[in-house]
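Scroll down for the structure; my scribbles are underneath it.
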Protein chains: 2
Amino acid sequence: MQTQSPQSQQSRVLVQLRDMILKGVFAPGERLAEIPLSERLEASRTPVRLALATLQHEGLIEPLAGGGYQMRRFTAQEVSDAIEVRGVLEGMAARLLAERGAPRQLMRDLQACLEQGDEAVDKPTMDLDDYASYQEMNNRFHELLVQGCGNSALIRSLETLNGQPFAAASATLPMQSARDEEGQRWMRLAHRQHHALVDAITRGQGARAQALAQEHVEIARMNVDSALEHADKMAGLMPAMRLVSANRP
Amino acid sequence: MQTQSPQSQQSRVLVQLRDMILKGVFAPGERLAEIPLSERLEASRTPVRLALATLQHEGLIEPLAGGGYQMRRFTAQEVSDAIEVRGVLEGMAARLLAERGAPRQLMRDLQACLEQGDEAVDKPTMDLDDYASYQEMNNRFHELLVQGCGNSALIRSLETLNGQPFAAASATLPMQSARDEEGQRWMRLAHRQHHALVDAITRGQGARAQALAQEHVEIARMNVDSALEHADKMAGLMPAMRLVSANRP
DNA sequence: GGGTGATCTATTGCATACAATGAGTGCAGG
DNA sequence: CCTGCACTCATTGTATGCAATAGATCACCC
């Protein structure tokens, strides 16, 4: 969802700023002033301004009363909320695919994901390559599901959601170390759910597909919860964790 | 979802531009150049630029390859998609309320909506005041439902959706003239659904509440379809209709 | 006559100067 | 010593100048 041509200052500044935010460079509540940012990113205030406006629409920063922006603080509740909405929307996508019948090519791509996941997961112990392969497959799987459903509004909504830290499918797995036995158990469960989901879609079982996709995100929610509990250990691996306060009202 | 203080040029230009777009001032595909707009709105290019960026994020205009923006064209399919997603999300909101139990005050407010709707609808023939009252109530009802569910991500997603023409709850009713008998029948059905929905929430029936809210938007979809069929008659009342092309793939 | 090239113009992207507003600080008075 | 006011400074909002680029138009050659 970039704004202009990839060579422009705008997009460069936007990408860099978003990257810095997601790497936890700014503390929650910290003011993001234009001039320091423009010096740091070696651009004028104009593209910085536009990038800040974009980031506000993405929900990563929020406007201050007197003008300007500050880094947003995410509560654990908000992250959980976003994951829950993702479950409902991906559930809808799965249901639509099952009800309408998925195109042959899409089913082939999903099958390829399943096989790649099998290879990574069906081992006594997964190494880092297996882990990376699984993560790449997982992203592709969810992307295929959403894009394949064909509902443009749903695609847009999920793209927005995925901009939130830890809400995206891609952000939920890497919290557990690949060597962690419990983490591997969760990944195996998640992959069994992938299999079941593709089976449901193939057989046109809309309600089952929806329920499976919805349940699937519960793993993500548990991962976030456990990451928040061990926030001290995670700080190095997941710097964006500092954006999330553990307060759950 | 305005960006800055209400007195600024930015917000004024943004509101005016959004209003013009939704009033159908620009034809689909028409280029929105900065200089003519800034002259027309009596502001410099800077606030116009920022407003255009905002409108792009809202999905009302789209960027052109060489820079700049053009008016977006909506297909009937996209409108239908957006309404379907709204149904799923409002269904989720209703389910959450039913499952978690809604606060006393919220239930009182919803009851007030029901009574106001009863007064407007339980008549042999509705006049324009009844119609206006119902429309205001309808907006409030849906707003209460969504805001009341307490899921921040869901609220955000629905706010985005409601920015799309004809996707919002507020945009679906006025297509039928108040004097139209068939239109009144649909409004009575819709209001019966409101009653059933509140009943389901009160009794903690999550699945029923969700199904009712989801079914509820089917009326909106039918209204849009019928408006598209009679596009010629609607052109005067609903100028934004020209943004929607009837192509349904 | 058609196609290709060059020039020309309109429009955006970027930078910066200027104005306005709000916050923070210091001083004075009670 | 505390409070209130005024002043200063920092930061954003706005306007505009300049450069680069894409598209269109026109002329010229094949």
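If you're wondering where the values come from, they're calculated on a predicted model, not measured in any experiment. The figures here come from the full heavy-atom set of this structure, side chains too, leaving out hydrogens, waters and symmetry mates. Just so it is clear: chains get the letters A, B, ... in the order the sequence lines come, proteins before strands, and each one is counted from 1.
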### Summary
dist A:S133:OG -> A:Q116:CD (nearest 0.5 Å) comes out at 4.0 Å
### Message
From CD of A:Q70 over to P of D:dT11, roughly how many Å is that when rounded to an integer?
### Response
15 Å
### Task
Name the residue closer to the 5' end of DNA chain D, choosing between A:E34 and B:A43 according to the nucleotide with the nearest heavy atom.
A:E34
### Task
In sequence, state the C-alpha distance, the side-chain angles, and the governing distance for A:E218 and A:R221, and then conclude on salt bridge (Lys or Arg N to Asp or Glu O under 4.0 Å).
CA-CA 5 Å; A:E218 289 301 319; A:R221 192 137 61 159; 2.8 Å; yes
### Task
Using the closest heavy atom to pick a nucleotide of DNA chain D for each, name whichever of A:L32 or A:T46 lands nearer the 5' end.
A:L32
### Message
From CD of A:E39 over to P of C:dA15, roughly how many Å is that when rounded to an integer?
### Response
13 Å
### Task
Check whether any side-chain nitrogen or oxygen of B:R45 sits under 4.0 Å from OP1 or OP2 of D:dT16, and answer yes or no.
no
### Query
Is the phosphate of C:dA15, meaning OP1 or OP2, less than 4.0 Å from a side-chain N or O of A:Q9?
yes
### Task
Any chance you could lay out the salt bridge (Lys or Arg N to Asp or Glu O under 4.0 Å) test for A:R73 and A:E62, step after step, and finish with the verdict?
CA-CA 9 Å; A:R73 178 187 306 278; A:E62 51 192 10; over 6 Å; no
### Task
Identify which nucleotide among D:dG13, C:dT11, C:dA15 has an atom closest to any side-chain atom of B:S8, counting heavy atoms from C-beta outward.
D:dG13
### Summary
A:L50 atom CG is separated from D:dT12 atom P, nearest whole Å, by 15 Å
### Summary
Between CG of A:L37 and C1' of D:dT12 the distance, given in whole Å, is 13 Å
### Task
Show your reasoning for whether salt bridge (Lys or Arg N to Asp or Glu O under 4.0 Å) applies to A:D19 and A:K23.
CA-CA 6 Å; A:D19 205 55; A:K23 279 185 175 153; 3.1 Å; yes
### Message
Nearest whole Å is fine: how far is D:dT12 P from A:R49 CZ?
### Response
8 Å
### Message
Nearest to the B:S44 side chain among C:dT11, D:dT16, C:dG13, which nucleotide is it?
### Response
D:dT16
### Task
Could you check how far CG of B:L41 sits from C1' of D:dT14, rounded to whole Å?
15 Å
### Query
Roughly how many Å is it from CD in B:Q10 to C1' in D:dA15, rounded to a whole number?
13 Å
### Message
What is the distance, to the nearest angstrom, from the CG atom on B:L14 to the P atom on D:dG13?
### Response
14 Å
### Query
Do the non-hydrogen side-chain atoms of A:L60 and A:F74 ever get within less than 4.5 Å of each other?
yes
